[in-house]
Amino acid sequence: MTGALAKAVAAADLAFTAPARARALAGAALAEADGHAEAAAVAEHALGLAGVATGRLADAETRLRAAVRLADGAGLRERAAQTRGVLGYVLTLTGRTAEALRELDRAMPELTGTAAARLRMQRAVVLTEISRFGDAAAEFAAALETLRAAGGDALIEATVRTNRSIVLARLGDWRGAEEDLRRAERGFAATGHVGRTAMVWQNRGLAATVRGDVPAALTAYDEAASRYEEAGTDQGLLPIERAETLLSVRLIAEAREAATAAVADYERRRNAVDLVQARLLLAKVALLDGDPETAVREATLARRSAARQHRPGWAALGGYLALRARRDSGLRTTAMLRSGQHTVAALTDAGWVVPALDARLIVASLALELGRPAVAEAELTIVGRAGRGGPAELRARAWHATALLRLVHGDRRGADAAVRAGVRVIGRFRAGLGASELRAHASGHASELTGLGLRLAVEAGHPEAVLRWAEQRHAGALRLRPARPPDDEGLAADLAALRQTALDLAAGTGQAPALLRRQARLEKAVRDRARHASGALDSNTVSTSDTRIPSRPELAAALGPATLVEYVELDGRLTALVLGGGRLRRCELGSAVEAAERLDELRFALRRQAFGFGSFAGLAERTARRLDDLLLAPLPLGEGPLVIVPTGRLHELPWPALPGARGRPVSLAPSAALWHRAATAPRGEGGDHVVVAGPGLPHAAAEAAALARRYPGARRFTGRTARVEPVLAALDGAALGHLAAHGTFRTDNPLFSSLRLADGPLTVYDLERLAHPPRQVVLSGCDSGRSAIHAGDELLGLASALLALGTTSLVATVLPIPDDAGRALMVRHHRHLASGLTPAAALARAQSDLPDSPAAASYVCYGAG
């Protein structure tokens, strides 16, 4: 072998492990070839492989065609056939699958042994790309058999197994997929191709996603990204696959950002095949984001492109997403019903199991609305039978179909039972996720089911059933304590680095753009570590104490003289469930939109009034009365304390500002079940009182000093001693924690909402590290009680995190207020608290003491006040 040929062969071997080095070697081989056709052909082949590895597909095709011409011209039939195998894959990536298969079939007779095995693998990869999974599995098996007959090759076998794992995952053979990946990883490591293990981890993420194990999938994808970066190779479909996983737990904003970037990237690189998948992802995200117009456009473009590429499976998926988008936009026609039936057939032929079942649900719903019950019954029967196994999403759809089918037959009780079974499936899936963020978003999967259950209960006129379904819709994720990530020490280190970066930004130390980039990297690292946590519950077990909804008698006993008011929204109207004196009543209220409009007016007026921007007292009072007329005045509330479970935007309402709530103890809770858990929790004895004064608040130190005098022996943290780790250690197991610190609510990521301490922000991620949260907490800084509101009334923020951890009561603000506006209220609140009043009663008394304070109504009491 000449020196030039040896360099070219080495370059081809390194193309996917170290593409930059491979290009350098191949370039040197070309320069030294000097008429040596084989060396030049192999060098061009290596440059084509490096182009594939780095995503430069146009350059890769040019190089590979040059290699074929050189090999053919020199009569090197085997070399030409090997290159045609790679060219076929590139043609597939650029949307020319029919041409790709022709190139592969042309090469097949020329190869034997390991070269034939490699070509069979390449043909199987093309079949995988066009969703012919059964044919692909057969080709992969033939490739391995050919390889064994030829004496074996560890590197080729590892590559075959890596690629076959995708097919096995698609066919539901999880064990086989993981076994292939384990053997592939060992093979790559043994042959010195550690860089290729990135593909192993990417496929491991895909298999975990299909299996429904989101934490494992995100862990695998993050490991794959790290290995791709280290090797300097192109990530391929990794961003799309990771975004698909995020979408499975409804992290919509993050998935949309990734999908939009992928579409732009693949358009720029003229990668037609991956562009189809990127457009389909963007269409799915747009659907969940309430944007059917974008969904129709992207799905239609993807469908047409896939059809031109002769990829019927992907075209069918585009048709399905366009069908969903038209349904969501309100279209209901016979033509749409026929189109839906064609879509179902295409999806079934392509092997898209979950989309096919979902399309059948859409067709069934259309058929019911268009007066075609026989069509609906046939589709629902298929869905109910087909979805009994598999991932949670599939099983939930099956129960939804069963419920609708039972309604067609007039079996309302059976329909209710089916909906409850579907909700339990989603509950188990949610419990298997460790991160509170993932759990909150995953509740969106149950929205349609709980909506159907609630509608059935309302139509039946049974208040207790309505209450039960209202509880199913309210903050189920908060009943599960977030799990610690597997690398908790790493999380603590990242949080410490993030705090230092925040301090540097505030102090102007260093270049702001570089610091902002570092902050973004650290926030991503923290978020990713937290997402890697798995829930303590497996897919078949849910803790009864965590998820159980108390009965009406249990709630009534815990309430005593208090009255529970739980709000629900259905079809744009608000309903209140009122439990007082042991009696449960359902009261129809007004428009949810009107309530939200009045809420915005009240928040505006109270903010302007608190900061002294003109006279807004009249507007605040008028708006408060209008809201009271909508929400409280129509209800039989009695004279005792109130326990209020809001819904939707009502979580942002400063309830003490309403006339019907003034002067009486009001406790807010994300759900009646969470309130009941706090109200009936054993009253712990002992524990420290902890008082913290953060920086930048002139009154905070004086507030802390006054409270320390009220609580002799209290642990006080002020000035430089008010640092996150010592404060967290003191709060763990404390009886009461009072934190006078600037609060910041992060709308882009509520889990980075924070309180400013001496060494930087104390975030929700920090609080979730507490083993035993304080029994009572007071956050006197502005905006400290706000939470982001997601589907299923799932809340994410400082206050909701503490309630989920087990804090029984928390006083905080739901509005921005001036730095010193709350000091007088806080001093009075603690005076009344020390006299023996409950937290809600102490807050109400303090607010009554300051009737002219515009900031006083901004404070609310959460939990069992």
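The figures here come from the full heavy-atom set of this structure, side chains too, leaving out hydrogens, waters and symmetry mates.
- Residue pairs meeting the salt bridge (charged side-chain N to carboxylate O under 4.0 Å, His left out) criterion with at least one member in residues 42-52, sequence neighbours excluded, are E44-R63.
- Annotation for E257: atom CD does not count as buried by contact number, only 12 or fewer foreign heavy atoms lying within 6.0 Å.
- Side chains of T17 and F188 form no contact here, defined as non-hydrogen atoms less than 4.5 Å apart.
- The shortest non-hydrogen separation linking R204 to A220 is C-CB, 4.1 Å.
- Atom CD of E229 has 12 or fewer neighbouring heavy atoms from other residues, nucleotides or ligands inside a 6.0 Å radius.
- Checked by atom type and distance alone, the side chain of D289 never pairs as donor or acceptor with a backbone atom of V285 at under 3.5 Å.
- Under the 3.5 Å distance criterion, the side-chain polar atoms of S305 are left unmatched by any main-chain donor or acceptor of L301.
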Take E139 and R164, measure what salt bridge (charged side-chain N to carboxylate O under 4.0 Å, His left out) needs, and give me the verdict at the end.
CA-CA 9 Å; E139 281 286 9; R164 187 173 70 165; over 6 Å; no
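- T300 and A322 make their closest contact through OG1-CB, 4.5 Å (heavy atoms, listed as atom of the first residue, atom of the second, distance).
- The CG atom of L246 lies 12.5 Å from the CD atom of E241; values are rounded to the nearest 0.5 Å.
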For the pair Q202 and L237, evaluate side-chain contact (heavy atoms from CB on, under 4.5 Å) and give the outcome as yes or no after the intermediate values.
CA-CA 9 Å; Q202 180 176 347; L237 284 173; 4.2 Å; yes
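- Rounding to the nearest 0.5 angstrom, the gap separating the OH atom in Y320 from the CD1 atom in I362 is 5.5 Å.
- Closest non-hydrogen pair, A142 versus R120, comes out as CB-CD, 3.7 Å.
- Considering L155, T233, T191, T162 as possible partners of R196, the one that fulfils the side-chain contact (heavy atoms from CB on, under 4.5 Å) test is L155.
- Pairing each heavy atom of A262 with each of I240, the nearest pair is CB-CG1, 4.0 Å.
- Side-chain atoms of L30 and L47, non-hydrogen and from C-beta on, do get closer than 4.5 Å to each other.
- Looking at D105 and R102, no side-chain N of the basic residue comes within less than 4.0 Å of a carboxylate O on the acidic one, giving no salt bridge.
- Annotation: side chain of L288 is in contact with side chain of L247 (closest heavy-atom distance under 4.5 Å).
- With contacts defined as side-chain heavy-atom distances shorter than 4.5 Å, the pair L218/D528 does not qualify.
- Using a distance-only test at 3.5 Å, with no hydrogens or angles considered, no donor-acceptor pair links the side chain of Y228 to the main chain of L238.
- For R256, the CZ atom counts as densely surrounded, since its 6.0 Å shell holds more than 12 non-hydrogen atoms of other residues, nucleotides or ligands.
- With respect to the salt-bridge test (charged N to carboxylate O, under 4.0 angstrom), the residues R132 and D135 qualify.
- Residues Q277 and Y266 bring no donor and acceptor atom of their side chains to less than 3.5 Å of each other.
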Please assess V52 against L49 for the test side-chain contact (heavy atoms from CB on, under 4.5 Å), listing each intermediate value before the final yes or no.
CA-CA 5 Å; V52 174; L49 290 175; 5.5 Å; no
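- Interatomic distance, L25 CG to K7 NZ, rounded to the nearest 0.5 Å: 7.5 Å.
- Residues S165 and N203 have side chains that bring a donor and an acceptor to within less than 3.5 angstrom of each other.
- The line from CD of Q82 to CD of E78 is 5.0 Å long, rounded to the nearest 0.5 Å.
- Here E157 does not pair with R148 in a salt bridge; the nearest charged N to carboxylate O distance is not below 4.0 Å.
- By the side-chain contact (heavy atoms from CB on, under 4.5 Å) test, A4 is found to be paired with T2, E32, A39, residues two or more places apart in sequence or in another chain being considered.
- Across all non-hydrogen atoms, the minimal contact from A189 to V194 is CA-CG2, 4.5 Å.
- A salt bridge links R242 to D222: at least one charged side-chain nitrogen sits closer than 4.0 Å to a carboxylate oxygen.
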Run the side-chain contact (heavy atoms from CB on, under 4.5 Å) check on L91 and E61 step by step: do they pass?
CA-CA 8 Å; L91 291 170; E61 182 180 348; 4.1 Å; yes
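- You'll find the side chain of R397 reaches within 4.5 Å of the side chain of D358, heavy atoms only.
- Between V363 and R338 the shortest side-chain heavy-atom distance does not fall below 4.5 Å.
- Contact record, M336 with L323: CE-O, 3.7 Å, taken as the closest heavy-atom pair.
- Side-chain contact check for N163 versus T128: every heavy-atom pair is 4.5 Å or farther apart.
- Residues W201 and L181 have side chains not in contact (no heavy-atom distance under 4.5 Å, counting atoms from C-beta outward).
- Of the inter-residue distances, the one linking I166 atom CD1 with D180 atom CG reads 11.0 Å to the nearest 0.5 angstrom.
- Here the straight-line distance linking atom CG of L361 with atom CG of L380 works out to 6.5 Å at 0.5 Å rounding.
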Check against side-chain contact (heavy atoms from CB on, under 4.5 Å), T209 and Y221
CA-CA 10 Å; T209 298; Y221 285 141; 3.7 Å; yes
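- Residues R65 and D72 are not paired through a salt bridge, judged by the lack of any N-O separation under 4.0 Å between the basic side chain and the carboxylate.
- Atom CZ of R182 has more than 12 heavy atoms from other residues, nucleotides or ligands within 6.0 Å.
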